[in-house]
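Since the structure comes first, as structure tokens, the remarks are kept for the end.
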Amino acid sequence: MSRRAALAGFGAFAASGVLAACGSNTGRGSSGDLTVWFHEYGEKGTGTALRRYASGFPGGGVSTLTFPGDYDQKVASALIGDSGPDVFEFANGPTIDMITAGQVADLTDLLGDARSDFNPALLDRMTYRGKVYGIPQVMDVQVLVYRKSMLQKAGVRPPRTVDELVSAAEELNQGTTKGLFLGNNGGADVLGGVLLWSSGHDYLTPDRKPGFVNEDVASGLRTMRKLFTSGNLLLGAPQDWSDPGAFIAGLTAMQWTGLWALPAITEALGDDVGVRAFPAIGTNGGDSVPFGAYGSAVSTKGDLAKAKKFVQWLWVERSDLQLDWAQGYGLHVPARRSLVPQANKLSTGVYNEASKLVYSVGRPQTPLLWTPRSSTAYRDALDRVIRGGADPMTELRGVADVVERELDRFPA
């Protein structure tokens, strides 16, 4: 699986494949080299690129290690011991628990004048009490894709509201083609954020309280339940929502997926493809898309000075390498504003439309204080509502109880 796996759904991620590493050790060795950890990327050429970047570091002595399997758990375990990485990437930056436990270093001083160039919402996601703990590497954005010809034939316009989305799915459900694909769980494990933002709400309020126990959100969930039981959704596809196979094969007229899927889609379907954000829910909401990014973090147990210098060199100073990483291996949005116009693969057509959504209606996937326990509670609640038919407000209140207990662990 590619880097998108870490930036899907609620931030939980997995990786698979063959171990590719410079050296055979799995942590700090006796060579004195700086050890930098990455998860196992699926895009062709990523391992070679990472090694090339490391070999160009002026300070020398950098080894890159990439890991398949449960990378996030491996990192969390390694940070507790003494054999972990000096530098590591983590989906959407290090967790709040890593920060409050003192496991990761303050990187604020690495940004300098470049700070204003980074996507502000994304940088804020990696900031706690005014200190930056992760340097964004690259962004992935999720979008709704649709077959223009199928919509035109059915007399359907690209949906601007969730009600129009439901109606369009019904009109487009013809023969062997389903109207919409939101993943094999009907969107329960991937649409958590947009169901809040598109209804005009959020995970947390500015004063750090649950922001989702609201009738607008509940109404959106009822609509998703209606859609799930309508027979107009594609369910049980050979690949899940992040893979464009079902869309390319004509099994669905519309699909929720991501920017990373567009090269394969346009290669197969040409310009018969449109993109848009998740549409508004109710009168208080608006379009929205989630975006996420790996953030480079520094362990406080390693060679702190050299580790920080490497992160600064690669993710702040070397904009050419940042641009290469964004579009040389798959397709992704640079984390810095100034590099987006230079990304020639994002300059035209649906690529350009999708990348612009990051700054127009994009939101970081989850806030920093949204812990794994909160994430699991919310995901399970959505599943019970969308697939099981549970009462939305009852489920949302139950999630709020979990979230409040989690927030109590991090005093303001």
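- Side-chain contact between Leu259 and Leu346 is present, with at least one heavy-atom pair separated by less than 4.5 Å.
- Legend: residues meeting side-chain contact (heavy atoms from CB on, under 4.5 Å) with Ala54, ordered by chain and number and at least two apart, are Val62, Thr64.
- Side-chain atoms of Asn119 come within 3.5 Å of backbone atoms of Ala121 as a donor-acceptor pair (strictly under, hydrogens ignored).
- Formation of a donor-acceptor pair under 3.5 Å by the Ser296 side chain with backbone atoms of Ile135 is not found in this model.
- Once rounded to the nearest 0.5 Å, the distance linking CD of Gln142 with CH2 of Trp241 reads 4.0 Å.
- Residue-environment remark: CG (Asp320) exceeds the threshold of 12 foreign heavy atoms within 6.0 Å.
- Using a 4.5 Å cut-off on side-chain heavy atoms (C-beta onward), Pro290 and Trp197 make contact.
- Counting only heavy atoms from C-beta outward, the side chains of Leu50 and Val36 never approach each other to under 4.5 Å.
- Contact of the Val289 side chain with the Val358 side chain is not registered, since no non-hydrogen atoms from C-beta on lie closer than 4.5 Å.
- For Thr376, the side-chain contact (heavy atoms from CB on, under 4.5 Å) criterion is met by Arg379, Asp380, not counting sequence neighbours.
- In this structure, Leu172 and Ala154 approach most closely via the heavy-atom pair CD2-CB, 3.8 Å.
- Using a 4.5 Å heavy-atom cutoff, the side chains of Pro158 and Leu151 are in contact.
- Using a 4.5 Å cut-off on side-chain heavy atoms (C-beta onward), Glu89 and Tyr71 make contact.
- Contact detail for Arg409 and Arg373: the closest heavy-atom pair is NE-NH1, 4.4 Å.
- The distance from the CE atom of Met254 to the NZ atom of Lys178 is 13.0 Å, given to the nearest 0.5 Å.
- Side-chain atoms of Glu406 and Thr371 form a donor-acceptor pair, as typed in the model, at a separation below 3.5 Å.
- Between Asp109 atom CG and Gln312 atom CD the span is 7.5 Å, to the nearest 0.5 Å.
- In terms of modelled atom types and a separation under 3.5 Å, the side chain of Tyr203 and the main chain of Gly193 share a donor-acceptor contact.
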field: Test side chain to side chain contact (heavy atoms under 4.5 Å, CB included) applied to Phe181 and Leu251, step by step
entry: CA-CA 9 Å; Phe181 184 39; Leu251 300 180; over 6 Å; no
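- Pairing each heavy atom of Asn185 with each of Ile386, the nearest pair is O-CG2, 4.5 Å.
- A donor-acceptor pair under 3.5 Å links the side-chain atoms of Asp117 to the main chain of Ser338, judged by distance alone.
- Residues Ser374 and Thr366 form no side-chain contact, since every pair of their non-hydrogen atoms from C-beta on lies 4.5 Å or further apart.
- Looking only at atom types and distance, the side chain of Ser219 has no donor-acceptor partner in the side chain of Glu215 under 3.5 Å away.
- Aromatic pair Tyr294/Trp325: centroids not less than 6.0 angstrom apart.
- Defined by atom type and a distance below 3.5 Å, a donor-acceptor pair is present between the side-chain atoms of Asp106 and Thr108.
- Side-chain N or O atoms of Asp240 include none that pairs as donor or acceptor with a backbone N or O of Gly183 at under 3.5 Å.
- Across all their heavy atoms, Ile281 and Val194 have their closest contact at CD1-O, 4.4 Å.
- Each of Trp315, Phe57, Tyr53 was checked for a ring pair (Phe, Tyr, Trp, His ring centres under 6.0 Å) with Phe310, and the lone residue meeting it is Phe57.
- Residue Val132 comes nearest to Thr127 through the heavy atom pair CG2-OG1, 3.5 Å, listed as atom of the first residue, atom of the second, then distance.
- Judged purely by atom type and a 3.5 angstrom limit, Thr46 uses its side chain to pair as donor or acceptor with the backbone of Glu43.
- Contact check for His39 versus Tyr41: side-chain heavy atoms found under the 4.5 Å cut-off.
- Between the CG atom in Leu195 and the OH atom in Tyr378 there is a gap of 5.5 Å [rounded to 0.5 Å].
- A perpendicular orientation is assigned to the rings of Trp256 and Phe278, their planes being inclined by more than 60° (bins at 30° and 60°).
- Using modelled atom types, no side-chain atom of Asp272 and backbone atom of Arg147 make a donor-acceptor pair closer than 3.5 Å.
- With hydrogens and angles ignored, the 3.5 Å screen pairs a side-chain donor or acceptor of Arg336 with a backbone N or O of Val316.
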Show your working on side chain to side chain contact (heavy atoms under 4.5 Å, CB included) between Ser299 and Leu79 and close with a plain yes or no. CA-CA 7 Å; Ser299 169; Leu79 292 178; 4.1 Å; yes
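- Rounding to the nearest 0.5 angstrom, the gap separating the CE atom in Met224 from the CG atom in Leu227 is 5.5 Å.
- Here the shortest heavy-atom pairing between Arg52 and Leu321 reads NH1-CD2, 4.3 Å.
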- Item | Intermediate values then yes/no, side chain to side chain contact (heavy atoms under 4.5 Å, CB included), Leu304 and Val298 | CA-CA 7 Å; Leu304 201 58; Val298 171; 3.6 Å; yes
| message | Evaluate Thr257 against Phe247 for side chain to side chain contact (heavy atoms under 4.5 Å, CB included), listing each step before the verdict. | response | CA-CA 10 Å; Thr257 186; Phe247 184 73; over 6 Å; no
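- Considering CD of Gln103 and OG1 of Thr300, their distance stands at 7.0 Å, rounded to 0.5 Å.
- The main-chain N or O of Gly81 is found under 3.5 Å from a side-chain atom of Lys301 such that the two form a donor-acceptor pair.
- Below 30°, between 30° and 60°, or above 60°: for Phe88 and Phe90 the angle between ring planes is above 60°, a perpendicular geometry.
- With sequence neighbours left out, the side-chain contact (heavy atoms from CB on, under 4.5 Å) criterion links Asp207 to Thr205, Lys209.
- Atom NZ of Lys148 has more than 12 heavy atoms from other residues, nucleotides or ligands within 6.0 Å.
- Remark: the backbone N or O of Ala105 is not paired with any side-chain donor or acceptor of Lys308 at under 3.5 angstrom.
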